[in-house]
*Asks:* 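My questions will all concern the structure given below.
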Amino acid sequence: MTLHLPDAHGALRAYEPRAEPLSLAGGSASTSRTVFSAAHVVADPYADTTPDSPAAVDWDATLAFRRHLWSHGLGVAEAMDTAQRGMGLDWAGAAELIRRSAAEAKSAGGRIACGAGTDQLTAAGTPAEVRAAYEEQLAVVEESGAQAILMASRALAATAQGPDDYLEVYGHLLRQSAEPVILHWLGPMFDPALEGYWGSSDLDAATDTFLEVIAAHPDKVDGIKVSLLDAQREIELRRRLPQGVRCYTGDDFNYPELIAGDDQGFSHALLGIFDPLGPLAAEAVRVLDTGNTDGFRALLDPTVELSRHLFQTPTRYYKTGVVLLAWLAGHQSHFTMVGGLQSARSLPHFARAYELADGLGLFPDPRLAEERMRNLLNLYGVNQ
């Protein structure tokens with residue numbers, strides 16, 4: 001049946017939903033790329049909470065979504081910004097998420113890496129307090145048996161006086177980490193509080209400091225996750241990495257070309273957009289495993305329009321579109337988010353996200369997605 005979807009100017013346009021989804025069965029992990037999907041959390045819609053209260057998580061639905069990702073051969077990047085770290089999910093909630101997901105990964109035989117940061121600090125703190133906060137979170141991740149991702153720290157960005165503070169803090173953490181970690185450089189488009197990370201707003205200078213950290217401890221760095229939405233900068237950065245240190249793209253605008261690579265190398269992936277794209281992304285990378293770059297691009301290039309839509313400015317609210325699509329796809333029974341973040345995007349934004357995702361065949365049950373989208377439109381007063 002025809003849906004009438006609102007555009008940004010308030011006009012309605014007719015849209016005919018897709019009749020059949022893509023047929024994408026589960027599969028094994030890629031042999032040529034290491035691929036993580038940063039995964040969202042499912043809120044408990046029956047909890048009596050406010051945006052300022054601790055997150056109430058539906059653990060059954062949250063863990064079921066991770067099993068969905070593992071069943072398609074993807075790794076899970078847990079307790080990252082996609083899981084609303086610092087935007088509804090506090091450290092206590094993140095610690096429980098890490099423990100539960102790591103235990104589930106062992107049971108399911110899935111790969112997992114978890115974010116360690118400093119978000120238990122309520123103020124900037126001193127460099128020593130930042131180190132201690134990182135140490136506490138790193139210990140939780142390592143004790144769970146997961147690989148650690150050292151996330152960018154708002155507290156460090158606020159307290160650091162220059163590059164030397166970053167070199168000292170990260171050097172200290174890398175010297176004591178039990179296993180090689182992933183270093184995460186999250187740009188200010190994802191979190192404005194991270195402006196000037198690595199001690200400079202000049203990205204060339206910041207890159208030099210970042211590489212200095214890695215060069216001093218190459219045996220403790222599995223890879224870097226770069227989320228700057230600048231493909232050329234990522235390419236130049238990965239070419240300067242020490243041998244054996246991976247580059248995990250976090251570029252939700254340019255991921256097909258970065259994963260495909262060139263004659264001088266390629267990027268692995270750790271992406272929020274692979275939450276809604278999970279089965280399709282996994283299939284595309286398995287095609288790439290066979291050496292069929294054109295087939296890989298044919299599958300993944302058409303998804304970029306959806307990704308750019310979800311991650312449009314203000315980029316940090318991309319989580320709202322990710323959860324919308326999880327609801328429409330039947331991975332959860334409601335469109336509610338921790339911190340009330342379901343209100344962070346507009347109805348026209350939702351409508352376009354639905355249209356693009358449906359056109360790609362991402363919904364396992366297109367009729368269910370259509371019914372839920374129709375209900376959402378009715379809730380906003382758009383009579384169908």
Side-chain angles (χ1 to χ4, degrees), residues 80-81 85-86 113 115-138 141 148-251 258 265 267 270 315-316:
M80 303 293 290
D81 55 298
R85 287 291 291 273
T118 64
D119 47 328
Q120 69 271 55
L121 296 177
T122 57
T126 65
E129 290 170 333
V130 171
R131 286 196 307 272
Y134 262 130
E135 289 170 345
E136 177 189 355
Q137 296 201 15
L138 181 60
V141 173
I149 303 170
L150 292 185
M151 302 173 68
S153 164
R154 291 175 178 173
L156 182 55
T159 196
Q161 298 300 304
D164 287 346
D165 287 329
Y166 289 88
L167 294 170
E168 193 280 328
V169 169
Y170 278 91
H172 177 84
L173 295 169
L174 291 172
R175 282 190 295 272
Q176 71 178 55
S177 64
E179 301 291 340
V181 307
I182 298 172
L183 297 180
H184 187 193
W185 186 356
L186 191 69
M189 67 289 294
F190 288 92
D191 186 343
L194 298 177
E195 178 66 42
Y197 212 72
W198 303 111
S200 178
S201 294
D202 180 331
L203 290 179
D204 291 335
T207 297
D208 288 342
T209 301
F210 188 39
L211 288 168
E212 187 175 347
V213 169
I214 299 164
H217 308 276
D219 59 322
K220 288 296 188 75
V221 181
D222 165 74
I224 63 169
K225 194 258 187 176
V226 187
S227 300
L228 298 175
L229 303 183
D230 184 333
Q232 189 57 41
R233 182 169 292 278
E234 179 175 322
I235 291 169
E236 292 170 359
L237 175 56
R238 80 184 182 204
R239 289 175 179 171
R240 296 174 65 187
L241 291 174
Q243 185 70 28
V245 177
R246 297 182 177 96
C247 179
Y248 293 93
T249 188
D251 188 331
L258 291 165
S267 294
L270 198 165
T315 302
R316 62 189 179 278

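We count residues from 1, following the sequence as given.
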*Asks:* Distance-only, no hydrogens or angles: does the Gln161 side chain make a donor-acceptor pair with backbone N or O of Thr159 under 3.5 Å?
*Replies:*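 Yes, the answer is positive, given that a donor and an acceptor are paired below the 3.5 Å cut-off.
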*Asks:* If you look at every heavy atom in Ala157 and Ala193, which pair is closest and at what distance?
*Replies:* CB-O, 3.5 Å
*Asks:* Report the residues that fulfil side chain to side chain contact (heavy atoms under 4.5 Å, CB included) with Pro242, sequence neighbours left out, ordered by chain and then residue number.
*Replies:* Ile214, Pro218, Val245
*Asks:* Applying ring pair (Phe, Tyr, Trp, His ring centres under 6.0 Å), name anything that partners Tyr197, two or more places apart in sequence or on another chain.
*Replies:*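 Partners of Tyr197 by the ring pair (Phe, Tyr, Trp, His ring centres under 6.0 Å) criterion, ordered by chain and then number, come out as Tyr166.
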*Asks:* Name all pairs fulfilling the salt bridge (Lys or Arg N to Asp or Glu O under 4.0 Å) condition that reach into residues 213-228, sequence neighbours left out, sorted by first residue then second.
*Replies:* Asp222-Arg246
*Asks:* Can you list every pair that meets salt bridge (Lys or Arg N to Asp or Glu O under 4.0 Å) and has a residue in residues 186-211, with sequence neighbours left out?
*Replies:*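 Matches after skipping sequence neighbours: Arg154-Asp191, Asp204-Arg233, Asp208-Arg240.
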*Asks:* Within a 6.0 Å radius of atom CD on Glu136, are there more than 12 heavy atoms belonging to other residues, nucleotides or ligands?
*Replies:*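 Yes - once you tally the heavy atoms of other residues, nucleotides and ligands closer than 6.0 Å, there are more than 12.
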*Asks:* According to side chain to side chain contact (heavy atoms under 4.5 Å, CB included), who are the partners of Glu236, at least two apart in sequence or on a separate chain?
*Replies:*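 Expected list: Gln232.
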*Asks:* Sorted by first residue and then second, give each ring pair (Phe, Tyr, Trp, His ring centres under 6.0 Å) pair with at least one member in residues 208-237; sequence neighbours left out.
*Replies:* Trp185-Phe210, Trp198-Phe210
*Asks:* State which residues pass side chain to side chain donor-acceptor pair (under 3.5 Å) with Thr249; sequence neighbours excluded, sorted by chain then number.
*Replies:* Glu234
*Asks:* Under the rule for side chain to side chain contact (heavy atoms under 4.5 Å, CB included), what residues qualify as partners of Arg239, not counting sequence neighbours?
*Replies:* Ile235, Asp262, Gln264
*Asks:* What residues, two or more places apart in sequence or in another chain, satisfy salt bridge (charged side-chain N to carboxylate O under 4.0 Å, His left out) together with Glu212?
*Replies:* none
*Asks:* If you look only at pairs with a residue in residues 228-247, which of them pass as a ring pair (Phe, Tyr, Trp, His ring centres under 6.0 Å), with sequence neighbours excluded?
*Replies:*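 Counting only pairs at least two positions apart or across chains, no ring pair (Phe, Tyr, Trp, His ring centres under 6.0 Å) contact touches residues 228-247.
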*Asks:* Test of understanding: with side chain to side chain contact (heavy atoms under 4.5 Å, CB included), list the residues that count as partners of Thr126, not counting sequence neighbours.
*Replies:*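 With sequence neighbours excluded, Thr126 shows a side chain to side chain contact (heavy atoms under 4.5 Å, CB included) to Ala128, Glu129, given in chain and number order.
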